[in-house]
A.B. asks: 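Got a structure for you, written out below as structure tokens; questions coming shortly.
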Amino acid sequence: MQTRVDLKGNANGHAPGGGADEGAQTLGAGVRRRPSSRVAGVGAALPSRTMSNAEIATIVDTSDDWITARTGIRERRIAADGEFTSHLAEAAAKKALEHAGLTPDDIDLVIVATATPDLTFPSTAVLVQGRLGITKGAAFDVGAACSGFVYALSTADALVAAGSASRALVIGAETFSRILDWSDRTTCVLFGDGAGAIVLEATGADGSGRGVMAHALRSDGAHHEKLFVDGGPSTTQTSGHVRMRGQEVFRFAIQATVDVVEAVLDQAGVTAADVDWFVPHQANKRIIDASAKKLGIDPQKVVLTVGGHGNTSAASIPLALAEAQQDGRIKQGDLVLLEALGGGFTWAAALVRW
Ligand code: UT7
């Protein structure tokens, strides 16, 4: 029987496994752990249309130099007419299934993290579930803005740990181009469209120690006016645009990162020096550089995709994971640290033995 260890009650964190189970590993500080779920496959999908900084400079008063120097972004992808969040999510999910060597029949949970769903309801996850022909288990969306993927991963891991699901598609998918104010240079230059997905499966009797080792979720709604969409189904303005007080978000992002990252490192009994790959939310290269420095993580261990994708909100982490897995950087057994901050504020981190 699997016993549970809750080392840090205030962390909302999850430290799966523990006790004297067969297959459990001693991973540090004498703490024994056995992850409940592990990554079985990863996939990504990007719209084919690329929009360069030079092209954006024909729309608003900006320049390639400003965008590159302040954010590290060179270009982003923009969804075509008729190409919706669900289409990108479905394409990424199919690639992740293929990579895992699995079929839709093997899946009993679909979670899509998105702030740009196709419809108010049903959820984008249900649309993806239907198109993939999955008829068992559950599908739902998670809304935590740019932190959505880490929230979705944590939720899926918790459901697998509880025995409520055995194999999950965890997807981050966005079409932020649809909610940008294309006359506001302080926001429209920053975002892009795309989707990434992972297959998360129960570790079962696997004693390798691979899998989700810890996660920590946080939010503080006192900050909701610093990054938000100024319209929605229940307000007088039914469709809205992204509004952001960039400098305030910037400062908070760097400070918040450290808090959640330390929580997951603590839960897993490891240190920042043990991390093989830091895969943070890709909002701004300056935020990522400053966070890595503050955490003491070698810049060479940081996966950076913001240059080619812009900020794809909930899609940015799985897109980065897919890239680093495909090019051979992330290998089985590597310790991968995920971290994100988004509107709300919401922020979160997860530690995965790949
Ligand atoms: O994914 C969720 C999390 N989101 C984020 O993490 C975003 C966090 N914030 C940021 O990344 C940065 O704050 C920005 C990239 C949004 C802005 O960079 P900044 O270094 O904080 O610039 P700033 O807002 O202080 O603006 C500096 C100047 C201003 O002009 P003045 O007042 O100095 O004359 C702006 O008006 O840059 C001007 N500016 C621009 N100039 C050219 C603002 N946007 C642009 C632009 N092109 N696109």
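Every number for a ligand or one of its atoms is a count from 1 in the order of the listing. We number each residue from 1, following the sequence as shown. Heavy atoms only: backbone and side chains are in, while hydrogens, waters and symmetry mates are out.
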A.B. asks: For Asp193 and Arg77, run salt bridge (charged side-chain N to carboxylate O under 4.0 Å, His left out): C-alpha distance rounded to whole Å, both residues' side-chain angles, the deciding distance at 0.1 Å, then the answer.
C.D. replies: CA-CA 6 Å; Asp193 301 337; Arg77 301 296 183 93; over 6 Å; no
A.B. asks: If the criterion is any heavy atom closer than 4.0 Å to an atom of ligand 1, which residues make the list?
C.D. replies: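 Residues within 4.0 Å of ligand 1: Asp61, Thr62, Trp66, Arg70, Thr71, Cys146, Arg185, Thr186, Val189, Leu190, Leu227, Met244, Gly246, Gln247, Val249, Phe250, His281, Ala283, Asn284, Arg286, Ile287, Asn311, Leu341.
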A.B. asks: Give me the atom names and distance for the closest heavy-atom approach of Ala115 to Ala145.
C.D. replies: CB-CA, 4.4 Å
A.B. asks: So which of Glu75, Glu83, Glu55 actually passes salt bridge (charged side-chain N to carboxylate O under 4.0 Å, His left out) with Arg49?
C.D. replies: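 For Arg49, the salt bridge (charged side-chain N to carboxylate O under 4.0 Å, His left out) check succeeds only for Glu55.
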A.B. asks: For salt bridge (charged side-chain N to carboxylate O under 4.0 Å, His left out), just list the numbers for Lys94 and Glu90, CA-CA rounded to whole Å, side-chain angles, deciding distance to a tenth of an Å, and then say yes or no.
C.D. replies: CA-CA 6 Å; Lys94 283 180 173 162; Glu90 179 189 353; 3.0 Å; yes
A.B. asks: Can you name the salt bridge (charged side-chain N to carboxylate O under 4.0 Å, His left out) partners of Asp230, sequence neighbours left out?
C.D. replies: Arg243
A.B. asks: Under 30°, 30 to 60°, or over 60°: which ring-plane class applies to Phe252 and His223, parallel, tilted or perpendicular?
C.D. replies: tilted
